[in-house]
Amino acid sequence: MEESTGSLWEQTTDVDYMRKEGRDTHPSYDWLNGRLVELYDDTVVDFLDCGVMSGTTYAKLKDTGLSCNYTGIDIGEPLLESCRSRFPEARWRYMSVTDLSFPSGAFDVVNCRHLLESLPYYETAVREMFRVARRHVAICFFQPPRDPEALLRRDTAGGYIWLNRYSPGPFEDLLAKLSDTVERIDISQGRRTDRMYFCTKSV
Ligand SMILES: C[S@@+](CC[C@H](N)C(=O)[O-])C[C@H]1O[C@@H](n2cnc3c(N)ncnc32)[C@H](O)[C@@H]1O
């Protein structure tokens with residue numbers, strides 16, 4: 001049997017990938033940051049970011065002026081090393097979104113941007129994010145959920161990668177079960193539409 005390569009995300013050293021793809025200026029960042037400023041302007045927000053890559057979410061969050069106690073996780077050690085050297089004041093941890101080693105309710109906000117598409121499936125990650133969130137879970141897709149569901153595992157030279165498009169029905173049912181309210185917003189820049197789900201848990 002041929003030995004298989006690991007996940008591309010565990011191996012990539014291309015920390016600049018999102019900028020090169022022109023995906024670091026998408027207005028979905030501004031939508032979320034605007035919402036967070038409305039909600040957390042007068043307090044320190046404990047924020048968990050899942051799948052950090054280049055640390056762009058952190059950099060843009062800092063620009064808002066919000067007081068933020070930020071923790072970022074990723075499964076790419078080279079990505080985390082780069083974030084640690086650029087932003088040593090924040091916490092950067094090697095961890096999978098499907099198995100978060102934080103206590104329940106540890107963060108005001110748990111964010112996950114352009115990540116669920118890269119998992120074999122979303123359910124464990126979503127349940128883990130809601131477990132560690134006290135109040136809000138923000139999930140942003142670059143492949144907005146749409147029928148029919150398409151689960152695609154692609155082999156590349158650097159390792160395999162999942163590029164999934166999920167069916168909206170079961171996904172939104174799960175969010176509704178775990179939330180008090182769910183805001184769903186489509187935000188476009190040119191031909192790129194991001195789908196944001198901003199979920200509020202009951203207190
Ligand atoms: C497409 S990038 C998105 C990066 C960033 N959130 C953004 O919007 O620019 C996906 C990121 O998720 C990370 N990732 C993939 N699988 C993960 C997992 N199971 N747990 C945590 N991070 C993961 C990848 O290493 C990569 O940094």
Side-chain angles (χ1 to χ4, degrees), residues 1-29 31-32 48-57 72-80 82 94-100 110-131 137-179 182 184-199:
M1 188 173 50
E2 243 180 71
E3 201 175 312
S4 69
T5 53
S7 156
L8 181 67
W9 295 117
E10 287 172 301
Q11 302 167 49
T12 188
T13 51
D14 189 4
V15 296
D16 222 13
Y17 169 79
M18 298 297 270
R19 190 186 60 75
K20 285 188 294 198
E21 286 277 296
R23 281 161 61 180
D24 65 335
T25 59
H26 199 281
S28 55
Y29 282 112
W31 187 92
L32 178 63
L48 175 67
D49 190 18
C50 304
V52 297
M53 190 151 229
S54 57
T56 303
T57 296
I73 64 146
D74 207 289
I75 57 165
E77 196 52 69
L79 305 176
L80 291 164
S82 161
Y94 179 86
M95 201 181 292
S96 172
V97 66
T98 56
D99 190 8
L100 297 171
V110 178
N111 179 57
C112 158
R113 183 174 193 281
H114 295 191
L115 164 57
L116 295 186
E117 294 95 331
S118 312
L119 301 178
Y121 211 60
Y122 59 77
E123 181 158 353
T124 313
V126 170
R127 289 188 182 278
E128 272 295 83
M129 290 194 291
F130 273 84
R131 181 184 64 77
V137 176
I139 297 173
C140 181
F141 287 98
F142 65 91
Q143 298 232 70
R146 174 166 66 80
D147 285 318
E149 185 158 88
L151 306 181
L152 176 69
R153 184 189 189 276
R154 192 178 286 165
D155 286 310
T156 71
Y160 67 81
I161 183 163
W162 286 93
L163 270 178
N164 291 341
R165 183 188 70 219
Y166 298 113
S167 174
F171 178 74
E172 292 176 7
D173 285 350
L174 179 63
L175 296 188
K177 205 158 33 170
L178 299 170
S179 311
V182 179
R184 184 181 107 166
I185 309 100
D186 285 343
I187 305 155
S188 297
Q189 181 183 59
R191 60 183 177 82
R192 291 199 167 107
T193 298
D194 276 7
R195 161 80 49 87
M196 176 74 75
Y197 292 94
F198 189 75
C199 310

Answer whether the closest heavy-atom distance between the side chains of V137 and N111 falls below 4.5 Å. no
Taking ring pair (Phe, Tyr, Trp, His ring centres under 6.0 Å) as the test, write out the residues that go with F142, two or more places apart. H114
Kindly indicate, with the supporting measurements, whether the criterion side chain to side chain contact (heavy atoms under 4.5 Å, CB included) is fulfilled by W162 and L152. CA-CA 6 Å; W162 286 93; L152 176 69; 5.9 Å; no
Within-4.5 Å side-chain heavy-atom neighbours: D194 and D186: no
Going from SG on C112 to CZ on F141, what distance comes out if it is rounded to the nearest 0.5 angstrom? 7.5 Å
Return the minimal non-hydrogen interatomic distance between N164 and L151, and the atom names on each side. OD1-CA, 3.2 Å
Do P145 and Y197 touch side chain to side chain, with heavy atoms closer than 4.5 Å? yes
Given side chains that start at C-beta, do those of W31 and M196 come closer than 4.5 Å, heavy atoms only? yes
Among L115, T57, I73, L80, side chain to side chain contact (heavy atoms under 4.5 Å, CB included) partner for V52: L80
Are F130 and C199 side-chain neighbours, meaning at least one heavy-atom pair lies under 4.5 Å? yes
Check: Y121 ring centroid to F171 ring centroid under 6.0 Å: no
Distance check, rounded to the nearest 0.5 Å: H26 atom NE2 versus L32 atom CG? 13.0 Å
If the condition is side-chain contact (heavy atoms from CB on, under 4.5 Å), which residues does S7 pass it with, not counting sequence neighbours? W9, E10, I75, Y160
Contacts of L8 meeting side-chain contact (heavy atoms from CB on, under 4.5 Å) (sequence neighbours excluded), chain-then-number -> T156, I161
Start with the C-alpha distance between Y29 and R113, add both sets of side-chain angles, then the distance that settles side chain to side chain contact (heavy atoms under 4.5 Å, CB included), and finish with yes or no. CA-CA 9 Å; Y29 282 112; R113 183 174 193 281; 3.1 Å; yes
Contact check, side chains of L100 and R131, non-hydrogen atoms, under 4.5 Å: yes
Please identify each residue that fulfils side-chain contact (heavy atoms from CB on, under 4.5 Å) with P78, with sequence neighbours left out. T13
Sub-4.5 Å side-chain heavy-atom contact between L163 and S118: no
Locate the shortest heavy-atom distance separating Y94 from G76; write the atom from each residue and the value. CE1-N, 4.4 Å
Applying salt bridge (charged side-chain N to carboxylate O under 4.0 Å, His left out) to E149 and not counting sequence neighbours gives none
Rounded to the nearest 0.5 Å, how far does OG1 of T193 lie from CZ of R195? 9.0 Å
To the nearest 0.5 angstrom, please state how far the OG1 atom of T25 sits from the CD atom of Q189. 4.0 Å
Interatomic spacing from CD1 in I187 to SG in C140 - rounded to 0.5 Å: 6.5 Å
The reported gap from CG in L79 to CG in D74 (rounded to nearest 0.5 angstrom) is 5.0 Å
Any side-chain heavy atom of Y122 within less than 4.5 Å of one from P170? yes
Determine, step by step, whether K177 and E172 satisfy the side chain to side chain contact (heavy atoms under 4.5 Å, CB included) criterion, reporting the C-alpha distance in whole Å, the side-chain angles of both residues, the deciding distance to 0.1 Å, and the verdict. CA-CA 9 Å; K177 205 158 33 170; E172 292 176 7; over 6 Å; no
Contacts of R146 meeting side-chain contact (heavy atoms from CB on, under 4.5 Å) (sequence neighbours excluded), chain-then-number -> R165
Minimum heavy-atom separation for T98 to E128, with atom names? O-CG, 3.6 Å
